[in-house]
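Below: one structure, written as structure tokens.
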Amino acid sequence: MFDYFPALRPILHRLDPEEAHLWTLRALELGIVPTQPLMLDAALRTTIFGKSIDNPIGLAAGFDKNARVFHKMYRQGFGFTEIGGVTPRPQAGNPRPRLFRLAEDEAVINRMGFNNDGMEAVRGRLVAHRTADMLVGVNLAANIDSEDPADDFVTLARRFSPHADFLTLDISCPNTANGKMFLSPGPLQDLLDRLSAMYGDLSAPKRPALAAKIAPDIEEEELDKILEVLTGFGIDAMILSNTTIDRPEDVRGAQKDERGGMSGRPLFNRSTALLSKVYAKTGGKLPLVGVGGVSSAADAYLKIRAGASVVQLYTALVFQGPAMVTRLKLDLADMLRRDGFQNVAEAIGADHR
Ligand SMILES: Cc1cc2nc3c(=O)[nH]c(=O)nc-3n(C[C@H](O)[C@H](O)[C@H](O)COP(=O)(O)O)c2cc1C
């Protein structure tokens with residue numbers, strides 16, 4: 001398998017990180033990014049959100065906020081995608097620079113602040129590009145100047161429900177003022193009640209799976225309260241985790257003190273610990289999406305063994321390019337077989353048994 005990325009990376013990484021990302025999106029849109037070999041392996045085939053997918057590796061939210069290229073990412077090797085975060089009204093996000101590469105750490109810090117084209121534009125592209133075989137999620141967020149953030153989520157859920165396999169309630173964004181207000185049980189319960197009422201009112205209810213996404217910067221007590229509210233509501237899945245505002249001591253990059261959420265390798269241990277904890281607390285009954293610092297098959301396998309039904313990644317693409325997804329899948333299938341698992345499903349939560 002020819003991998004062009006090692007030759008391209010020095011050029012891309014001389015660009016400002018956000019510019020490099022925009023060029024990547026343009027290249028994907030133009031169809032000039034070479035596709036990855038179709039790598040179908042029965043051991044990787046799995047089911048989540050009621051749909052069978054080729055492999056359990058998903059594209060995490062934030063890469064394709066505006067639904068421009070998600071449909072191209074399946075041929076880059078992904079088994080599913082998540083678009084967004086999207087807000088009801090278009091939003092500029094925070095002033096630039098707001099995205100930083102920490103090359104030594106294979107990490108990224110971002111404080112994008114939910115820059116996106118707004119739900120109408122994003123929905124239009126989603127509908128235009130999506131085919132029935134694609135498992136797609138939509139990551140939802142409130143506008144920064146919203147007077148009623150819960151209403152934003154309800155509006156988004158109503159608008160996107162007919163077009164998504166899952167909707168993510170991002171209740172953990174470190175980069176906007178109201179990004180974390182639903183980490184309090186009261187406002188969270190109110191949000192979920194209003195979502196239930198909205199789905200109850202729809203004449204032909206199509207309720208996609210609802211997932212909640214949280215960050216590792218959460219106290220145990222806070223986590224327990226949130227889980228009680230979410231499971232009481234009947235949440236369908238959790239996505240663990242978002243970026244962290246913490247900076248582990250071994251992070252060395254010159255820009256490590258930039259404000260924002262950190263993703264990539266230094267997030268792996270913290271996000272996997274949270275995943276494992278939530279798996280244990282929910283008795284393995286709740287489907288979990290493991291995300292945070294996955295940069296190899298060994299990482300993906302650890303997330304699955306810790307309790308993830310599927311995994312997602314973003315930052316590893318910045319440092320390794322898309323062929324890493326293909327390598328990861330090949331190696332993951334080998335690891336599953338080596339340990340006597342017929343498929344991904346058999347390995348979920350194995351470290352808890
Ligand atoms: C530039 C950037 C933008 C992101 N935007 C969002 C977002 O809008 N909503 C969200 O839930 N997560 C967002 N994330 C977080 C990712 O979905 C993921 O949870 C996090 O990056 C950890 O995975 P990784 O280490 O594989 O990148 C973003 C991450 C990055 C790097």
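When a ligand or atom number is given, it counts from 1 through the structure's own listing order. One is the number of the first residue; the rest follow in order along the sequence. When reading the values below, keep in mind they use all heavy atoms of this one structure, side chains included, and skip hydrogens, waters and symmetry mates.
Within 6.0 Å of atom CZ in Arg96, more than 12 heavy atoms from other residues, nucleotides or ligands are found, so the atom counts as buried in its surroundings.
Ser161 OG to Leu210 CG: the interatomic distance, rounded to the nearest 0.5 Å, is 7.0 Å.
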In residues 184-191, what donor-acceptor pairs under 3.5 Å come from side-chain atoms, sequence neighbours left out?
residue, atom, partner, partner atom, Å
Gln189, NE2, Asp193, OD1, 3.1
Asp190, OD2, Arg194, NH1, 3.1

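The hydrophobic cluster around Ile48 extends to Phe49, Ile53, Phe80, Leu135, Phe166, Ile239, Val289, Val291, Val310, counting ILVMFWY residues whose side-chain heavy atoms fall within less than 4.5 Å of a member.
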Run through all N or O atoms in ligand 1 and write down each protein N or O closer than 3.5 Å, as a pair with its distance.
residue, atom, partner, partner atom, Å
ligand 1, 5 (N), Lys65, NZ, 3.2
ligand 1, 8 (O), Lys65, NZ, 3.1
ligand 1, 8 (O), Gly85, N, 3.0
ligand 1, 9 (N), Asn139, OD1, 3.2
ligand 1, 11 (O), Asn139, ND2, 2.8
ligand 1, 11 (O), Asp170, OD2, 3.2
ligand 1, 11 (O), Lys213, NZ, 3.0
ligand 1, 12 (N), Lys213, NZ, 3.0
ligand 1, 14 (N), Ala61, O, 3.3
ligand 1, 17 (O), Ala61, N, 3.4
ligand 1, 17 (O), Ala61, O, 2.7
ligand 1, 17 (O), Lys213, NZ, 2.8
ligand 1, 19 (O), Lys213, NZ, 3.0
ligand 1, 19 (O), Ser241, O, 3.1
ligand 1, 25 (O), Gly264, N, 2.8
ligand 1, 25 (O), Gly293, N, 2.7
ligand 1, 26 (O), Tyr314, N, 3.0
ligand 1, 27 (O), Thr315, N, 2.9
ligand 1, 27 (O), Thr315, OG1, 2.6

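With respect to Asp3 and Arg327, a salt bridge is recorded, a charged nitrogen being found less than 4.0 Å from a carboxylate O.
Partners of Arg247 by side chain to side chain donor-acceptor pair (under 3.5 Å), not counting sequence neighbours: none found.
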